Amino acid sequence: MRVLLVNDTEKPIGELRAALQAAGYEVLEAVVGADELLKAVESQQPDAVIIDVDSPSRDTLEQLAVMHRHAPRPVVMFSADGDDRLIRDVVAAGVTAYVVDGLTPARLAPILQVALARFEQQAHVRRQLGEVQQQLADRKLIDRAKGLLVEKRGMSEPEAYASMRQLAMRQNLKLVDIARQIIAMADLLG
């Protein structure tokens, strides 16, 4: 596994690098400061990101949020700041695990494994949510197309649905694609 280290403190990270390498991780070129985070993630393609920071700044949170939208990765953040509001902000920005009170090499591997598992679980939930949202959007299009057939062609709702289904089978298309065609034609004809 490839890990990107981000050091946003005055502390040296040599001990952290050695601990990760001893645990079998490939440690990529370290980044000093979170302002280069997105660029480093895009160029180095890490599997996970570890950030050591005294207290995350607004800039750091913004960089994390942008990274989370464009190149999501599991992120473990070590910080000395245990403020409740800050923790909520950090998690909202996409941090998978936020560890307060020091970074000890012995704890690193299990924390990273938990972060990876949590990230995978969140990704699965996001995929499921996306599928459900797409199904709902498709259902709305189908219902709109049925409504147009009922209104314009005087069909009953079951007849409109059956007609759309038959056309989809004949043209080897999905029902939602037929619905889009019907809606586009209705929009075109006014």
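In this text, all values refer to a predicted model and were calculated from it rather than measured experimentally. Numbers here simply count residues along the sequence, with the first being 1.
The shortest distance between side-chain heavy atoms of Arg73 and Gln45 falls below 4.5 Å. You'll find the side chain of Val31 reaches within 4.5 Å of the side chain of Leu4, heavy atoms only. The shortest distance between side-chain heavy atoms of Tyr98 and Asp81 falls below 4.5 Å. Taking 4.5 Å as the limit, some side-chain heavy atom of Phe78 sits within range of a side-chain heavy atom of Ile111. Under the 4.5 Å side-chain criterion, counting only non-hydrogen atoms from C-beta, Leu20 is in contact with Leu108.
The distance from atom OH of Tyr161 to atom CE of Met155, rounded to the nearest 0.5 Å, is 14.5 Å. Here CG of Asp83 is found 8.5 Å from CG of Asp89. Values are rounded to the nearest 0.5 Å. Note that the CG atom of Leu148 and the CE atom of Met164 stand 9.5 Å from one another [nearest 0.5 Å].
Looking at Ser79, its side chain does come within 3.5 Å of a backbone N or O of Asp54 through a donor-acceptor pair. A distance-only check finds no donor-acceptor pair linking the side chain of Asp47 to the backbone of Met1 [under 3.5 Å]. Counting only distance, with no hydrogens or angles, the side chain of Glu62 and the backbone of Asp59 share no donor-acceptor pair below 3.5 Å. Side-chain N or O atoms of Ser43 include one that pairs as donor or acceptor with a backbone N or O of Lys39 at under 3.5 Å. No side-chain donor-acceptor contact under 3.5 Å links Thr96 to the backbone of Val76.
Residue pairs meeting the salt bridge (charged side-chain N to carboxylate O under 4.0 Å, His left out) criterion with at least one partner in residues 138-152, sequence neighbours excluded, are Asp138-Arg180, Arg139-Asp143, Asp143-Lys146, Arg144-Asp187, Lys146-Glu157. Each side chain to side chain donor-acceptor pair (under 3.5 Å) pair with one or both residues in residues 116-126, not counting sequence neighbours, appears once here: His124-Gln128.
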Stepwise side-chain contact (heavy atoms from CB on, under 4.5 Å) check, Leu86 with Ser55: CA-CA 9 Å; Leu86 177 64; Ser55 180; 3.8 Å; yes
